[in-house]
Each structure stands twice: as structure tokens, then as C-alpha cells.
**Student:** 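Below you will find the structure I want to go over with you.
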Amino acid sequence: MLKIGVFDSGLGGLTVVKSLSQIIKNTELFYIADTKNAPYGEKTTEQILQYSLDITHYFIKNHQIDALVVACNTATSVAIKTLRKKYPELIIVGTEPAVKPAIEQTKTAKVGVLATPATLRGDKYQVLVKKLSNIKEVKLFEQACPGLVEHIENGTLENKESLILLEAWLNPMKKADVDTIVLGCTHYPLASKIIKKIMATDVVLLDSSKAIAKRLLTLLLETGHKNEGELYSKFYTTGKIDEKFVENLIRSSIEFIAL
Ligand code: DGL
């Protein structure tokens, strides 16, 4: 049975696990929520790189993984190149904001991009946007959302403080007739309901989880993987996490580990 390691700073990557579990079979999946070090998006490049390397090392040493899914835009932006170089034998799939599908499908030519500060300032995002700028002329409303990951992790999304932040970030998009918003952090699909409520329009929210699952399946099939049977998952956290939330989302319990 193939072994896959998946990680994020916390609950966010579980939105990716959900999509993986819909199409990937005959696999053991290990998930690490690195909540001890969350939020990644507000850490330095060096710190994010070190967390990514430590987790990958842990997966290889303890679970002999064949594939790694970096279920985090921020860690992908900082660490994917180094991970690929260091572990050339590993199948590695990262997470990139779904800007391309958003540009292709917007009707108002106005697209919002919500992401962590580290993702938006990273070269990877800048290069992506530059590359896509010749598809068609679209105005991007880029918005870093410091603090949002903590509200999601702490279950305080509906609090006044969180609503004030979200309204300040989303109102300019609403006024400008943005019809598509890229959820450029794997945590943000967990805030979809409230984002839609504030936008109060038929805004389309795009995340990358289905594309990641598809990409991983393609790469696995290329290695001769037989995609039939079960997917067994095991979930670990390095710090505090809302266990009830995890159980509701993935119908499984989560165990503490020290890396
Ligand atoms: N979920 C992550 C991402 O996709 C990281 C969020 C954070 O820890 O700041 O960027």
C-alpha cells in the first residue's frame, strides 16, 4: 500500500484531505497539523522552511512515505523547491492559489485573492500572476488576511472582531463588483459561509483542493499505482487543536506528536 504524508499548519489542510479521500485509494495517508507553529503565514521564510523540512523528515523516518502533499499555500511558496531538490525520489505535490481558473471564469474581470501575508509577498505568487497576466486583462484585488487563520483554528470566526476584519477586507471587493474570489490559503474554505454572507452576491469561491487531488492521482498512476480499495488515514497534531471540529470534518480522531 502506498504511503502519503500531508501537512499544513493546522486545520486548513484537512480541506485538501477531504478531496484526496474522494479519489485516492489503496493508500495510507498520514496528516500532520503543525499547530504548535501556526500561523505559518505570519512567520519568516526561514522558519516556514524549517517547519516544512522537519515534517518531511519525520514522515520519511517514521512512515517511509512515497508521496508528500504540502497542503498549505504558504509552505509551498517557501519550501517546495528545496523539498524537491532534497528529496528527488519523493512524489511531491504543492498548493498554489487557484488564480488561473479564476481569471478564466470571471465575467466582471475583477478577481479577489485572499491569502496569507507570506504567500502574497512570495516570489512564487508574483511569478504566477505575471505568467497569467497575458490570458486576459483582469483586475486582481489581493488581500492578505493576518489573523484569519487564528480565528478559524480557535472557532471564533463569528466573533465581532473577526467580522470587522473580514468586512474591511471584502467590502472593497464587493463595491468593485468582484465576482470570483480565490481562497489562497487552505484554511479559508472553512470560512466560505461567512465570506459569501458578507459579499451578499453570487460570488464564486475557488480553492485548489480538487486540483491537488487530481494532480496527485495522475502522478501516482504514472508510477503504476493501482487505485482500487481503501484509503486509511491517521491524523496527528503538534499542539492544541479543536478536536471536535476535526472529528466533524474528517470523522476521525487526532493524536498529539512531538516532532
Ligand atoms: N493553510 C495555510 C495556507 O494554505 C497556512 C495558514 C497559516 O498557517 O498561516 O497558506
Side-chain angles (χ1 to χ4, degrees), residues 5-20 31-56 68-80 83 92-99 102 112-126 128-129 142-157 162 165-166 169 181-192 195 205-213 215-216 235-242 245-246 249-250 254 259:
V6 185
F7 78 93
D8 178 42
S9 63
L11 298 170
L14 297 176
T15 60
V16 176
V17 170
K18 237 182 154 182
S19 293
L20 293 174
Y31 182 83
I32 293 181
D34 189 16
T35 58
K36 188 177 107 191
N37 297 311
Y40 280 7
E42 292 157 56
K43 297 286 178 350
T44 65
T45 303
E46 292 74 24
Q47 285 172 309
I48 301 164
L49 179 60
Q50 197 54 54
Y51 306 147
S52 307
L53 287 168
D54 290 348
I55 292 172
T56 307
L68 175 76
V69 177
V70 183
C72 172
N73 294 262
T74 310
T76 300
S77 159
V78 169
I80 200 99
L83 290 170
I92 301 182
V93 178
T95 307
E96 216 172 55
V99 182
V113 182
L114 303 177
T116 68
T119 297
L120 288 179
R121 71 166 184 260
D123 288 351
K124 206 167 192 307
Y125 175 76
Q126 301 298 335
L128 175 74
V129 166
E142 292 156 347
Q143 180 62 61
C145 307
L148 186 54
V149 164
E150 283 106 313
H151 281 297
I152 293 169
E153 289 286 330
N154 299 335
T156 53
L157 258 187
S162 154
L165 284 175
L166 280 161
W169 295 327
I181 296 181
V182 177
L183 303 177
C185 166
T186 53
H187 276 76
Y188 299 171
L190 300 171
S192 291
I195 293 172
L205 304 181
L206 293 178
D207 69 74
S208 314
S209 61
K210 288 212 165 64
I212 295 166
R215 176 76 187 137
L216 179 65
F235 298 90
Y236 303 102
T237 183
T238 60
K240 252 177 58 186
I241 198 157
D242 186 339
F245 191 95
V246 174
L249 204 70
I250 54 175
I254 189 157
L259 288 184

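Given the structure is predicted, the values throughout are model-derived calculations rather than measurements. Counting convention: from 1, in listed order, for ligands and their atoms alike.
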**Student:** Distance under 4.0 Å to a non-hydrogen atom of P39: what atoms of ligand 1 satisfy this?
**Tutor:**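 Close to P39: 7 (C), 8 (O), 9 (O).
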
**Student:** Short list, please: which atoms of ligand 1 are under 4.0 Å from a heavy atom of C185?
**Tutor:** 1 (N), 2 (C), 3 (C), 4 (O), 6 (C), 10 (O)

**Student:** Specify the closest pair of heavy atoms between V70 and A75, including all atoms of both residues, with the distance to one decimal.
**Tutor:**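 Taking every non-hydrogen atom into account, CG1-CB, 3.7 Å.
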
**Student:** Out of all atoms in ligand 1, which are within 4.0 Å of some heavy atom of G41? Include the element for each.
**Tutor:** 7 (C), 8 (O), 9 (O)

**Student:** Where is the nearest protein heavy atom to atom 7 (C) of ligand 1: which residue, which atom, and how far?
**Tutor:**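 Answer for atom 7 (C) of ligand 1: Y40 N, 3.3 Å.
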
**Student:** Would you check if the side chain of T15 reaches a backbone N or O of T186 as a donor-acceptor pair within less than 3.5 Å?
**Tutor:** yes

**Student:** Among V149, V182, N73, find the residue that satisfies the side chain to side chain contact (heavy atoms under 4.5 Å, CB included) test when tested with Y188.
**Tutor:**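 The option that passes is V149.
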
**Student:** For R215 and V93, work out which heavy atoms get closest and say how close.
**Tutor:** CG-CG1, 4.1 Å

**Student:** So if I count the atoms of ligand 1 from 1 in the order they appear, which ones are less than 4.0 Å from some heavy atom of T116?
**Tutor:**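 Matching atoms, with element in brackets: 6 (C), 9 (O), 10 (O).
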
**Student:** Under a 4.0 angstrom heavy-atom cut-off, which atoms of ligand 1 come close to D8?
**Tutor:** 1 (N), 2 (C), 5 (C)

**Student:** Got a sec, which residues hit ring-ring contact (aromatic ring centres under 6.0 Å, His included) with F7, two or more places apart in sequence or on another chain?
**Tutor:**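 Partners of F7 by the ring-ring contact (aromatic ring centres under 6.0 Å, His included) criterion come out as none, since no residue qualifies.
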
**Student:** To which of A38, G12, C72 does the heavy atom nearest atom 5 (C) of ligand 1 belong?
**Tutor:** C72

**Student:** Taking only heavy atoms of S9, which atoms of ligand 1 are found under 4.0 Å from at least one of them?
**Tutor:** 5 (C), 6 (C), 7 (C), 8 (O)

**Student:** Check whether any N or O atom of E42, backbone or side chain, sits under 3.5 Å from an N or O atom of ligand 1, and answer yes or no.
**Tutor:** no

**Student:** Residue-level breakdown please: for T186 versus ligand 1, do any non-hydrogen atoms fall below 4.0 Å on the side chain, on the backbone, on both, or on neither?
**Tutor:**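 Both of them.
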
**Student:** Answer yes or no: is there a donor N or O on one side and an acceptor on the other, between the side chain of E153 and the main chain of L11, under 3.5 Å?
**Tutor:**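 Indeed, once roles are kept as given, a pair shorter than 3.5 Å links the two residues.
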
**Student:** In terms of atom number and element, which parts of ligand 1 are under 4.0 angstrom from non-hydrogen atoms of T74?
**Tutor:**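 With T74 as reference, the close atoms of ligand 1 come out as 3 (C), 5 (C), 10 (O).
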
**Student:** Scan side-chain atoms only and decide if T237 and T35 contain a donor-acceptor pair under the 3.5 Å cut-off.
**Tutor:** yes

**Student:** Applying side-chain hydrogen bond (donor to acceptor under 3.5 Å, both in side chains) between Y40 and each of D8, T74, D34, report the one that passes.
**Tutor:**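 Per the side-chain hydrogen bond (donor to acceptor under 3.5 Å, both in side chains) rule, the option paired with Y40 is D34, out of D8, T74, D34.
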
